[in-house]
Amino acid sequence: MIAVAERINGMFSDVKKAIINHDPRPIQELARRQSESGASYLDVNVGTAASDQLSVMKWLVEVTQEVTDTPLSIDSQKLEVVKAGLEAAKGACLINSCKGQPEELDKYIPLALEKNASLVCLTIDKQGIPQDIDKRVEIAASIVAKAAEYGLDPTRLLIDPILFPLNVDQKQPALMLEVFRQIKYISDPPPRIIVGLSNLSQGTKERSLVNRTFLAMALAAGLDAAVMDVLDENLMNVAICADMILNKQIYSDSFLKAARRAEIKA
Ligand code: THG
């Protein structure tokens, strides 16, 4: 699976503090550790700490790239902040993310094509985040159609059907599994599917257990990628083992070690 490492996010107090103090070391330590843990991408999100989000995004991208070549996921709801991140980035990025309505897609898809980036699109439209399955799949289909118009390869399109905390609505996670299955039927090849895994366990005890149990179920239902805590070794082991059980990695007695050497990049 594609593991997008979540920790370089101003929502976390240590990162927020580093941003305020303009201290690159905690950011670079997280960049190194997350890369060594097998991250496919490092998510970079300025959070709410920054007064000037553009320059903080640029700084986070620069200090991260000083210590690792792991590709970056530029995470912001603001187009200008995303652009600042892409400008500073050396390699091909993941753009995280774009809302699913046509006006937004018309801005972000050409940007992804221009920057050779992959693009995360949320199943949000003018009415907001739909609660039911059908509407989420319908928005996903309209995103896939728009991407096809522009000639964006479906494998570079990641649909995020938006995972809510378990304790907000306990019916949602099982519905999400159904959404994953249905999104796979939209096109051939299908778009990829991504979620913010830690959203699920926010405000709960046993966060790691909740995250890894859902991850195994979600991968079986067609999930391809997650913004997740790659520093949680138990969680990463589930990611590797689920890929092996789903026949995406060949079995050997040392499959865990083999996958860690290959850094579970796909
Ligand atoms: N989809 C996509 N991108 C995303 C999300 C998503 N990016 C941001 C977020 N959601 C994924 N990243 C996180 C990062 C942290 C947490 C959850 C998701 C988290 N933080 C602790 C908390 O809230 O309890 C903060 C702990 C602290 O303050 O130190 O759980 O859905 N495409």
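Atoms within a ligand are numbered from 1 in the order they appear, just like the ligands themselves.
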Got an N/O contact under 3.5 Å between [X] and ligand 1?
X    : answer
N9   : no
S97  : no
D75  : yes
S198 : no
D43  : no

May I ask you to check whether [X] and [Y] show a side-chain donor-acceptor distance below 3.5 Å?
X    : Y    : answer
D52  : S55  : yes
N167 : T204 : no
R156 : S118 : no

Review point. At a 4.0 Å threshold, what atoms of ligand 1 neighbour a non-hydrogen atom of G196?
Key: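 Taking each heavy atom of G196 in turn, ligand 1 has 1 (N), 6 (C), 31 (O) under 4.0 Å.
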Check your understanding: Counting from 1, what ligand 1 atoms have a heavy atom of V120 closer than 4.0 Å?
Key ->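 Once the distances to V120 are compared, the set is 32 (N).
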Review point. Salt bridge check: are R7 and D14 linked by an N-O gap of less than 4.0 Å?
Key: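 A salt bridge is present here (some side-chain N lies under 4.0 Å from a carboxylate O).
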Non-hydrogen side-chain atoms of [X] and [Y] separated by less than 4.5 Å:
X    : Y    : result
W59  : H22  : yes
Y150 : L105 : no
I193 : K184 : yes
I74  : L94  : no
V67  : E29  : no

Can you tell me which residue and heavy atom of the protein come closest to [atom], and the distance to 0.1 Å?
atom                    : answer
atom 11 (C) of ligand 1 : V227 CG1, 3.7 Å
atom 20 (N) of ligand 1 : M11 SD, 3.5 Å
atom 2 (C) of ligand 1  : D160 OD2, 3.2 Å
atom 13 (C) of ligand 1 : E6 OE1, 3.7 Å
atom 31 (O) of ligand 1 : N199 ND2, 2.7 Å
atom 15 (C) of ligand 1 : F12 CZ, 3.2 Å

Exercise for review: Could you check which of K16, Q202, M228 puts a non-hydrogen atom nearest to atom 23 (O) of ligand 1?
Suggested key: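 Answer by nearest heavy atom: Q202.
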Practice item. Determine, using heavy atoms of R207 and all atoms of ligand 1, whether some pair is separated by less than 4.0 Å. Key: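 Right, R207 reaches ligand 1.
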Check your understanding: Going by heavy atoms, is N96 under 4.0 Å from ligand 1?
Key ->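 Yes, N96 has a heavy atom closer than 4.0 Å to ligand 1.
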Exercise for review: Go through the steps for T155 and D153 under the test side-chain hydrogen bond (donor to acceptor under 3.5 Å, both in side chains), then give the verdict.
Suggested key: CA-CA 5 Å; T155 60; D153 193 301; 2.6 Å; yes
